[in-house]
Every structure is written in C-alpha cells, then in structure tokens.
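One structure is given below, encoded as structure tokens.
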Protein chains: 2
Amino acid sequence: MKRTSLAGDSCPVARALDVFGDWWSLLIIRDASLGRRRFGEFQASLGLAKNILTTRLRTLVERGILKTVPASDGSAYQEYVLTPKGHGIFPILVALRQWTEEFDDHPDEIATIMVDRDKGKPVKKLALLSQDGRVLGAADTTLKPRPAVKRARRVSA
Amino acid sequence: MKRTSLAGDSCPVARALDVFGDWWSLLIIRDASLGRRRFGEFQASLGLAKNILTTRLRTLVERGILKTVPASDGSAYQEYVLTPKGHGIFPILVALRQWTEEFDDHPDEIATIMVDRDKGKPVKKLALLSQDGRVLGAADTTLKPRPAVKRARRVSA
DNA sequence: GCAACGAAGTTTAATAATGCAACCAACTGG
DNA sequence: CCAGTTGGTTGCATTATTAAACTTCGTTGC
C-alpha cells in the first residue's frame, strides 16, 4: 500500500497528520489525556488488535508524543504517559469534540461534555483571535510565506 | 480487515475521526478551504491516485462536508466546495497547524504562517476559555455525562 | 521453590484498504 | 469531427489491519 509519507511536506497541517494522523494514534492520545496509562487499558478501551497497539505505542514514543515510565503501582511493567509535545495535542482534541457537538447528525449519542474543573460549567468554543482581539473566521485569514528565520549572530567566537 | 467503524462510538472525538479521520480527507478539506475546487486541482496538489480521490470526494459529499456545484467557469464540469459543516472544520485545521508550529522538530520546513487578512499579522493561538473567561489547560477540564436532552413538551395535540 | 495466572508482546494467516497504472467517456477547442 | 483535457473507472500488486495462537516474562498462591 505504501502510504505516501507527508513528513517532508511544507504544510504544517500535513506535517501534523504525518505524526499522529492515522486511524488509531489520536484515539490513543485521547485515552492518554483521559489518564489511561497501561497497555491493557488502551487495548480494552479501544478494542484494537494488540500488535497494532504495540506498533502505535512504539511510534508515538519514537516521535516524542508519549514516553514510557517505569512503573507507578509498583509492578515491574511500564506505563505510557504524554510528553509536553503530546499534551500540546489537547486543543486538537477539543476542536474535534466541538465540531462533533456542533455538526453531528446524532448529537444525542454523544456521551460527555467538557466542563471546567472549577465551576463545572461547559467550556466555551475555541476562538481564533487576531492580535488586536477580533474573532477570526476562515475567511478573515490568509497564509503568508514564513519569514526567514533569524540566524544566530555568530556560532563560535 | 474490516476497519472498525467508530460511527457508533459515544466519544465525540472518535465520531469526528470517523467522518474525516482517514489519511486524505483532512488534506482535501484543507485544500478546499484554500480555495481549490476542481478534481484536477486536488489531484495535482495532493498527488494521490485518482481513484482514491474519487472515493474520498464522494464520501465527503455523502457526509455533508463538501457539495458539488454545477460550474463556475462556464464549463459543464462540476466543482467541490465546502458546506457549512465543512467550514466548521476550520478550527481543527488551525489547531493542527499551531501544534506543528510549536512542536515540530524542523519548523524551518514550514512554508506558511496564518495571518489575519486585515492587518497581515500572525493570528494568536487558539485558547480554550471557561464561561467566566479563564484560559483552561487540559488539567483544568473534566468530562461530565451529557445532560439529558430537553424533550419536546408534547409531540401531538 | 514450583505451578498457575495474567500482562505485554510477537508471530501467523486471512482479509480489506490502498496505491499505481492503464483504460474510458464526456466535454472542449479548433 | 478530431486532438487534448477533465473526471473517473477497472484490475492488479502491495500493504495494513485483524483475530487468534503462541512466547515471555512478572506476579501471585501455596
């Protein structure tokens, strides 16, 4: 099948999908952000074949989304927890959730809502803001070529 | 192989992935949101096999993400444009983009930045806010069971 | 300390999804 | 009406996914 890799693509959306855009990775990340840590927990929750889970966990670790930590309950097994890079995926999960909440044809089948821990009230919708605070829709944005990186003034001496 | 469908899942993240979570759909949606409309444009931009593009466009239309419109340049061909449901995916694309901008190991390979059309300045990061305006991180949120829907008071007479 | 059990993987074989390339039909331009 | 383009289909090879059996430990129970 030779799934064409997007790793070298210059589009940041494609680059993100190349890292965790396959069928299971985002669900594993979702589970991890819900606090699941053990191989068996993921397997029971997702119902995917164990070999697939093995390879997914491995590549997510390789790519710095997850890391393995020695134990936690004292047993000699390992657990999988999100790295900062992995925690950074949280807004993507929120965006996916909110899209479903707004557009799903059967919203009654959605089991949970996201609330803020303090007040217990539903969170607001993600908003894209300009630097002066206006709310932006897709039509209010454009893409510009990325400006050249500031080069370090002098590498040595 | 029977790729396990997530359509009946109660998790809104899984439900979204079931709609456009495959390898190409989000990239097609990205292209559509950049203004590409023609079969040939998508094919040239994405470099995917034409049969795959055919099936993807068809399912995206079936699912209400895209719709076909008769022409635009007068020719008798059809074009594919986003529905409101499709435009609603925009925040997800932004979230993916911003994740790459923040965490990619080779940010120098990113070609474009998103700016607001008016001022030409980079947009701010998507923020998740509570109803009283606090910025929430993943740890500041919880999931609650969805409250029962308000039932229509009386269906007939 | 030894047997049974379970958790975490690996291996294997069958099957479904994907990719590639060639083919086809309709439309366009002259 | 003929050549080229657009949009799409069909077949075949390749790869991913799955389920189930098997391995390899660690963890009890005794």
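Computed from heavy atoms alone, side chains included, the values below leave out hydrogens, waters and symmetry copies. Residue numbering restarts at 1 for every chain, and letters A, B, ... go by the order of the sequence lines.
- For B:Arg134, the salt bridge (charged side-chain N to carboxylate O under 4.0 Å, His left out) partners at least two apart in sequence or on another chain are A:Asp116, A:Asp118, B:Asp132.
- The side chain of A:Phe39 approaches C:dA8 more closely than any other nucleotide in the set C:dA8, D:dT18, D:dG7.
- Partners of B:Asp31 according to the side chain to side chain donor-acceptor pair (under 3.5 Å) rule, which considers only residues two or more places apart in sequence or in another chain, are B:Arg36, B:Ser45.
- Taking atom CG on A:Leu53 and atom P on C:dT10, their separation rounds to 11 Å, with Å as the unit.
- In terms of the salt bridge (charged side-chain N to carboxylate O under 4.0 Å, His left out) criterion, A:Lys50 has no residue partners (sequence neighbours excluded).
- Donor-acceptor pairing under 3.5 Å is lacking for the side chains of B:Thr54 and B:Asn51.
- Counting only residues at least two apart or on different chains, the salt bridge (Lys or Arg N to Asp or Glu O under 4.0 Å) pairs with a member in residues 89-100 of chain A are A:Arg97-A:Glu101.
- Under a 4.5 Å side-chain heavy-atom cut-off, the cluster of Ile, Leu, Val, Met, Phe, Trp and Tyr residues that includes A:Leu129 is completed by A:Val135.
- When the side-chain nitrogen and oxygen atoms of A:Arg58 are compared with OP1 and OP2 of C:dT10, one or more of them lie within a distance under 4.0 Å.
- Between the C1' atom of D:dC12 and the CG atom of B:Asn51 lies a distance of 12 Å, rounded to the nearest Å.
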Would you give a per-nucleotide map of nucleotides 22-30 of chain C, 5' to 3', where B means the base has a protein non-hydrogen atom under 4.0 Å away, S means only the sugar-phosphate does, and - means neither? -----BS--

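- Think of A:Met114 as one node in a network of Ile, Leu, Val, Met, Phe, Trp and Tyr side chains linked at under 4.5 Å; its network also takes in A:Leu34, A:Phe90, A:Val94, A:Val123, A:Leu126, A:Leu128, A:Leu136, A:Leu143, B:Leu34, B:Phe90, B:Val94, B:Met114, B:Val123, B:Leu126, B:Leu128, B:Leu136, B:Leu143.
- Rounded to 10 degrees, the angle between the two end axes of the helix from C:dG1-D:dC30 to C:dG30-D:dC1 is 30°, with five pairs used at each end.
- Under the 4.5 angstrom side-chain criterion for Ile, Leu, Val, Met, Phe, Trp and Tyr, the cluster partners of A:Val115 are A:Ile113.
- Of all nucleotides listed (D:dG7, C:dG9, C:dG19), C:dG19 comes nearest to the side chain of B:Trp23.
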